[in-house]
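Quick note on labels: first sequence line is chain A, next is B, and so on, each numbered from 1.
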Number of protein chains: 2
Amino acid sequence: MANINEIAKIAGVSVSTVSRVLNHHKYVSEDKRAAVQKVINDMNYTPNRNAIDLIRGETKTIGFIIPYNNNQAFDQMLHGALNKSVEKGYTITVLPTKYNKEKEIEYLSMLKNKLLDGIVITSRANPWEAIIPYSQYGEVVSCEYTEHPEIGCAYIDRYSSYLEVFQYLKEKGHTTVAFTAARGMQSVSTQQTIAAYKEIFGELRPELYYPDCYNMEDGYLAGKKLLALPARPTAIYANGDEIAGGIYQYARSLHMNIPEDLAIIGQENQPIGIALDFSSVDHQLIKVGEQAFDLVIQKSRQKVNIPYRIIHRSSI
Amino acid sequence: MANINEIAKIAGVSVSTVSRVLNHHKYVSEDKRAAVQKVINDMNYTPNRNAIDLIRGETKTIGFIIPYNNNQAFDQMLHGALNKSVEKGYTITVLPTKYNKEKEIEYLSMLKNKLLDGIVITSRANPWEAIIPYSQYGEVVSCEYTEHPEIGCAYIDRYSSYLEVFQYLKEKGHTTVAFTAARGMQSVSTQQTIAAYKEIFGELRPELYYPDCYNMEDGYLAGKKLLALPARPTAIYANGDEIAGGIYQYARSLHMNIPEDLAIIGQENQPIGIALDFSSVDHQLIKVGEQAFDLVIQKSRQKVNIPYRIIHRSSI
DNA sequence: CTGAAAGCGCTAACAC
DNA sequence: GTGTTAGCGCTTTCAG
């Protein structure tokens, strides 16, 4: 394809003039502007963005780090960011890590490579210490709260959220409640859940905590394991409505009734939860994604809390 | 951040030598290679990918055009592509159009801009005539079948799929069957559905076709409309399990039983369909996304059919 | 208002 | 083996 030199030559002007009309500068005479524009149209010319990005040192593209690309929770955050991105004229690159530390660092390096202006981390594999150095090359914002001043956050107060749910369950008369989680103990969010649990119920019997739940099938397995326990739980708090759906499926295979035989509460107010009439805590993940995106492009390092809300339905 | 000149100067070599070690060329003496590498490490240097892309004329990034970013079907295709992309060392940029023609063209221009090596179009707003010119700037593959030789396809044979479902419904004794669709008549897929319907049932009463369905809520509305019809349908084929879920919800609010009072069949074998025990036709959208991605990076313009399968459950 | 020229950071002949 | 140099395609002083 043609380049700016060619356009300049054909239009009989200098490249600077072409550049000026390209960038809508003023101080270009009307006739030259028209002439250049005509050649641009005739030649069907489009400037090479790589060259522009190289000079400007910015790309108007933001990286979006997610662990898994088949999980409703991360999808929702992505949707939020995507909404904002087209609105603000940015482009989003999806970066799936599968919680692989090297991969994650590789993605962060794209800031250094000048491929990305900023990155939002929905969930991370590396310790903050490994991540923070990259914040000098571009804005990095997290969907998890952190004290580190270098990192902007659009976060959920998971501790309060879990506390409220466990309290609610307790008030409903449940004493043996189990819960599922995504990652295990290495995850801050799991630790917060456990802390909240202990705050309400005093102690946590290890069997009542079921990790590595990402989808419906995992939920089914969780149900199988949890409901076979000697002193089985009378309520389960699932880390997602699809997971709750899996638990429900297993419970139904045992002809259990919800909530009489087993209370279930899910998360994120998904269609499956609506259909099955699950109570759910909506962490407003779309808003989290939107806010995180806004923070990156504003180069803001604020800590923004996104409120959650508990939706009461018939499953408790 | 430092650039290649600086590294060269400090290491006491020329930029070409630095470039050679960067690109793992042979014919670099071991001592110089070591010296350069040391400076690179010391300076924490990373080459600027923009400059490299500018020279090479390729970016190893693929654009993924989707109409909506909150629809399970498109999400699944995206997931397939994302899987392949990390495997093949590519990066994916998500491009949501909301079926806006200008936006879509803007995205296609990214090929011309040299921002993208290729694009996969899951669903399009523009006619092929408007899209094809862009295929000279990069590979464009579609998830919808087209004869145009410039466009590779990873497609579903929707006509056969619909034919089979309608035939099945007919055999089950249904004579009044309705169906929902995403876009209206402008969509090829809707036209195929209608053709298949007429093939099996002879004629289509216009009220039996409900367009603009994308999510559960739309399904609920569809149920409301369809079940209020004078000669109401005894079976509904929904264009997605979440939509089927919405229909189910409305039917249940009327105390209807499935399948006695109303047969429902969905699409894509989603969790919600599994939980509600819906029959569903699985178009294997993840595979569609994977295959489409493979075609782009192989610069192949093949037409690849992805087989579907009908999953029989209790809702029919 | 316009053009010449100096880069942005890197690669790749082409010499030596 | 290694360095010199000419770009890749564009923006942006700096003169005029």
Considering just the side-chain nitrogens and oxygens of [X], establish if one lies under 4.0 Å of OP1 or OP2 belonging to [N].
{"X": "B:Thr17", "N": "D:dG3", "value": "yes"}
{"X": "A:Lys32", "N": "C:dG3", "value": "yes"}
{"X": "A:Asn5", "N": "D:dG9", "value": "no"}
{"X": "A:Asn48", "N": "D:dG9", "value": "no"}
{"X": "A:Arg33", "N": "C:dC1", "value": "no"}
{"X": "B:Tyr45", "N": "C:dC10", "value": "yes"}

In whole Å, what is the span from the [atom1] atom of [X] to the [atom2] atom of [N]?
{"X": "A:Tyr27", "N": "D:dA15", "atom1": "OH", "atom2": "P", "value": "19 Å"}
{"X": "A:Ile52", "N": "D:dT12", "atom1": "CD1", "atom2": "C1'", "value": "13 Å"}
{"X": "B:Asn50", "N": "D:dG9", "atom1": "CG", "atom2": "P", "value": "15 Å"}

*asked:* Base of D:dT4, side chain of B:Ser16 - is there a donor-acceptor contact under 3.5 Å?
replied: yes
*Hey, is the side chain of A:Arg49 pairing donor to acceptor with the base of D:dG9 inside 3.5 Å?*
no
Of the listed nucleotides [options], the one nearest the side chain of [X]:
{"X": "B:Leu54", "options": "C:dG9, C:dT11, D:dT11", "answer": "C:dG9"}
{"X": "A:Ser14", "options": "D:dG1, C:dG3, D:dT11", "answer": "C:dG3"}
{"X": "B:Val28", "options": "D:dT2, C:dG9, D:dG3", "answer": "D:dT2"}
{"X": "A:Asn3", "options": "D:dG9, C:dA5, C:dT11", "answer": "D:dG9"}
{"X": "B:Ser19", "options": "D:dT11, C:dT11, C:dT2", "answer": "C:dT11"}
{"X": "B:Ser29", "options": "D:dT2, D:dT13, C:dC10", "answer": "D:dT2"}
{"X": "A:Val15", "options": "D:dT11, D:dG1, C:dG3", "answer": "D:dT11"}

*Salt bridge flag under 4.0 Å for residues B:Lys9 and B:Glu6*: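 A salt bridge is absent here (no side-chain N lies under 4.0 Å from a carboxylate O).
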*asked:* Looking at A:Arg301 and A:Glu139, is there a salt bridge between them, counting it only when a charged N and a carboxylate O are closer than 4.0 Å?
replied: yes
*Indicate, with a heavy-atom threshold strictly under 4.0 Å, whether A:Ile55 touches base, sugar-phosphate, or nothing.*
base
_What contact category does A:Arg20 fall into here, base, sugar-phosphate, or nothing, at under 4.0 angstrom with non-hydrogen atoms?_
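Answer is base: heavy atoms of A:Arg20 come under 4.0 Å of a base.
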Once you round to the nearest 0.5 Å, how far does [atom1] of [X] lie from [atom2] of [Y]?
{"X": "A:Ile119", "Y": "A:Leu111", "atom1": "CD1", "atom2": "CG", "answer": "4.0 Å"}
{"X": "A:Asn3", "Y": "A:Thr46", "atom1": "CG", "atom2": "OG1", "answer": "12.5 Å"}
{"X": "A:Glu268", "Y": "A:Asp75", "atom1": "CD", "atom2": "CG", "answer": "12.0 Å"}

*Residue closer to the 5' end of DNA chain C, A:Val13 versus B:Ile4 (nearest nucleotide)*: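 Per heavy-atom nearest nucleotide, the more 5' residue is A:Val13.
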_Here's one to test your reading of the geometry: is the NZ or CZ of A:Arg183 within 45 degrees of the ring axis of A:Tyr99 and under 6.0 Å from its centre?_
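So A:Arg183 does make the cation-pi contact.
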